[in-house]
Protein chains: 2
Amino acid sequence: MAKLSADDWIAAAAARFGEHGADAVRIEPLAKSLGVSKGSFYWHFKDRAALLGAVVDAWEQRGTLEIIEGVRAAADDPADQLWALFERTFGTPTSVDMFETAVRSWASQDPHARKLTKRVDRKRLAFVAGLLQAAGIPKAEAKRRAELLYCTLIGEFLQRSYGKQRLDRGSLRSLHRLLLTM
Amino acid sequence: MAKLSADDWIAAAAARFGEHGADAVRIEPLAKSLGVSKGSFYWHFKDRAALLGAVVDAWEQRGTLEIIEGVRAAADDPADQLWALFERTFGTPTSVDMFETAVRSWASQDPHARKLTKRVDRKRLAFVAGLLQAAGIPKAEAKRRAELLYCTLIGEFLQRSYGKQRLDRGSLRSLHRLLLTM
DNA sequence: ACCTGAACACCGTTCAAGT
DNA sequence: ACCTGAACACCGTTCAAGT
């Protein structure tokens, strides 16, 4: 039997976290699925909170930059970039948006997740506001619309977690048009 | 010592549910705070799931109609009604919007909460779509905008739970204007 | 460096017994 | 009709001991 690393625990925990929330991350079942005793967990982590902390840390890494880079590469025109952003966010796979929702629920309970989530939100908001400005919306209004758009996305994620259908192409087109209205 | 009714348990559970989510609703601490043994809980409810079921049932009663009535009474002009709706939803007290978020997280885990939340969402969406139609937006577009608005509200609630500032008057005004754009 | 096994605390659930 | 107290299972956490 190969020995486990902290990363093995984080990967297993992240899977459960994304599917069923922070609460479904339990040491004993995790240990069983990894084929070790639950006691061995405490060699890798101080406690359950430390494991959850590592899970959200890993999310911050990949959650912020990937999409931004993708959007920049996809188009030059700001209106097209906004559409590319829609495709990458509203069109994200279920596993990703479940994770987004799980972090936010957890952020309401846990100070570390809270600080980290706010940082992620701030970066994304700045990016979207910049994009709207580039499309000709005045700065103050661009900030407001960025915040509205971000709320819409987060709300869509949460509602999908209990079975709402994705926003269809028509709704996204309406949103695109409204956000760029002068 | 006065004996307890099922409603006493529901009230105590609803308070914890709204503040810290379904997960914070634990029988033993609840029993302690009510001054009885945890065993007595099982005279009133089949199990923990039944208690949570009763908590969300109570929410459905008051969560759907109160606001709709209030909005209808507040104004006659559809645009003014939309604004009255904003005040009653984006301006809701923290306890209410925490509860809204908690139900939705719970709905992703629990079939009963899921069915019930979808029913509540459907009723509210129909009301908002009707309101936008009355304001002159064509039916199909009114539906799309209602869904977008509802996403925005739910997203705002979730983000507030981890400390985001409320949308300010300026943002709400922008949203109001965009939703009524022809 | 990584793991086991036993121990203890906390909480969900059951149930026989109490008033 | 409503509650207690003891019992058991499950899981978080600790720790001495193993390799």
Side-chain angles (χ1 to χ4, degrees), chain A residues 1-58 102-103 105-114, chain B residues 1-58 102-103 105-114:
Chain A
M1 261 296 172
K3 298 193 172 181
L4 296 175
S5 68
D7 281 341
D8 295 318
W9 285 93
I10 295 173
R16 279 175 178 280
F17 183 89
E19 278 187 72
H20 300 106
D23 231 68
V25 179
R26 340 235 91 226
I27 312 300
E28 191 169 64
L30 230 40
K32 192 168 284 180
S33 83
L34 291 169
V36 293
S37 75
K38 60 183 175 172
S40 77
F41 169 80
Y42 293 88
W43 192 86
H44 300 282
F45 297 93
K46 184 181 168 297
D47 55 19
R48 186 172 164 275
L51 175 60
L52 286 164
V55 168
V56 295
D57 283 345
V103 193
S105 294
W106 177 232
S108 76
Q109 314 272 130
D110 178 76
H112 177 248
R114 173 181 295 230
Chain B
M1 259 298 172
K3 299 192 170 181
L4 296 175
S5 68
D7 281 341
D8 295 318
W9 285 93
I10 295 172
R16 280 176 177 279
F17 183 89
E19 278 187 71
H20 299 106
D23 231 68
V25 178
R26 337 238 92 226
I27 312 300
E28 191 169 65
L30 230 40
K32 192 167 284 180
S33 82
L34 291 169
V36 293
S37 75
K38 60 183 176 171
S40 77
F41 169 81
Y42 293 89
W43 192 87
H44 300 282
F45 298 92
K46 184 182 167 297
D47 54 19
R48 187 171 163 274
L51 175 61
L52 286 164
V55 167
V56 295
D57 284 344
V103 194
S105 293
W106 178 232
S108 77
Q109 313 272 128
D110 179 76
H112 177 249
R114 174 181 296 230

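We name chains A, B, ... by the order of the sequence lines, and we start the count at 1 in each one. The shown structure was predicted, so the numbers you read here are calculated from the model rather than taken from an experiment.
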Keeping the roles fixed (side chain from [X], backbone from [Y]), state whether a donor-acceptor pair exists under 3.5 Å.
| X | Y | value |
| --- | --- | --- |
| A/Ser105 | A/Ala102 | no |
| A/Arg16 | A/Arg26 | no |
| B/Asp47 | B/Ala50 | yes |

(request) May I have the step-by-step check of side-chain contact (heavy atoms from CB on, under 4.5 Å) for A/Val103 and A/Phe17, ending in yes or no? (result) CA-CA 8 Å; A/Val103 193; A/Phe17 183 89; 4.0 Å; yes
Separation of [X] atom [atom1] from [N] atom [atom2], in whole Å?
| X | N | atom1 | atom2 | value |
| --- | --- | --- | --- | --- |
| B/Glu28 | D/dC11 | CD | P | 17 Å |
| A/Phe41 | D/dG12 | CZ | P | 9 Å |
| A/Lys46 | D/dG12 | NZ | P | 15 Å |
| B/Lys32 | D/dT4 | NZ | P | 13 Å |
| A/Trp9 | D/dT13 | CH2 | P | 12 Å |
| A/Tyr42 | C/dG5 | OH | P | 17 Å |
| A/Leu30 | C/dC3 | CG | P | 13 Å |
| B/His44 | C/dG12 | NE2 | P | 16 Å |

(request) Go through the steps for A/Leu52 and A/Asp110 under the test side-chain contact (heavy atoms from CB on, under 4.5 Å), then give the verdict. (result) CA-CA 10 Å; A/Leu52 286 164; A/Asp110 178 76; over 6 Å; no
(message) Could you write out DNA chain D as dot-bracket? Rules: Watson-Crick or G-U wobble, both distances under 3.5 Å, brackets [ ] for crossings, | for pairs with another strand, dot for unpaired.
(response) ||.|||||...|||||.||
Residue [X], side-chain heavy atoms: nucleotide from [options] that is nearest:
| X | options | value |
| --- | --- | --- |
| B/Lys38 | D/dC2, C/dG12, D/dT13 | C/dG12 |
| A/Leu4 | D/dC3, C/dC3, D/dG12 | C/dC3 |
| A/Trp43 | C/dC3, D/dC3, C/dG12 | C/dC3 |
| A/Ser37 | D/dG12, C/dG5, C/dC11 | C/dG5 |

(request) I would like to know whether A/Val25 and A/Val55 meet side-chain contact (heavy atoms from CB on, under 4.5 Å); could you show each step before the answer? (result) CA-CA 10 Å; A/Val25 179; A/Val55 168; over 6 Å; no
(message) Within residues 18-27 of chain A, which residues have any heavy atom lying less than 4.0 Å from an atom of DNA chain D?
(response)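 Of all residues in residues 18-27 of chain A, the ones placing a heavy atom under 4.0 Å from DNA chain D are A/Arg26, A/Ile27.
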(request) May I ask you to decide if the ring planes of B/Trp9 and B/Phe41 are parallel, tilted or perpendicular, using 30° and 60° as cut-offs? (result)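 Judged by the thresholds at 30° and 60°, the geometry between B/Trp9 and B/Phe41 is perpendicular.
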(message) Quick check: do B/Leu30 and B/Leu51 have side-chain heavy atoms less than 4.5 Å from each other?
(response)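 They are in side-chain contact.
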(message) Can a side-chain donor-acceptor contact be found between A/Asp57 and A/His112 if the only test is distance below 3.5 angstrom?
(response)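 Distance-only check passes for A/His112 and A/Asp57.
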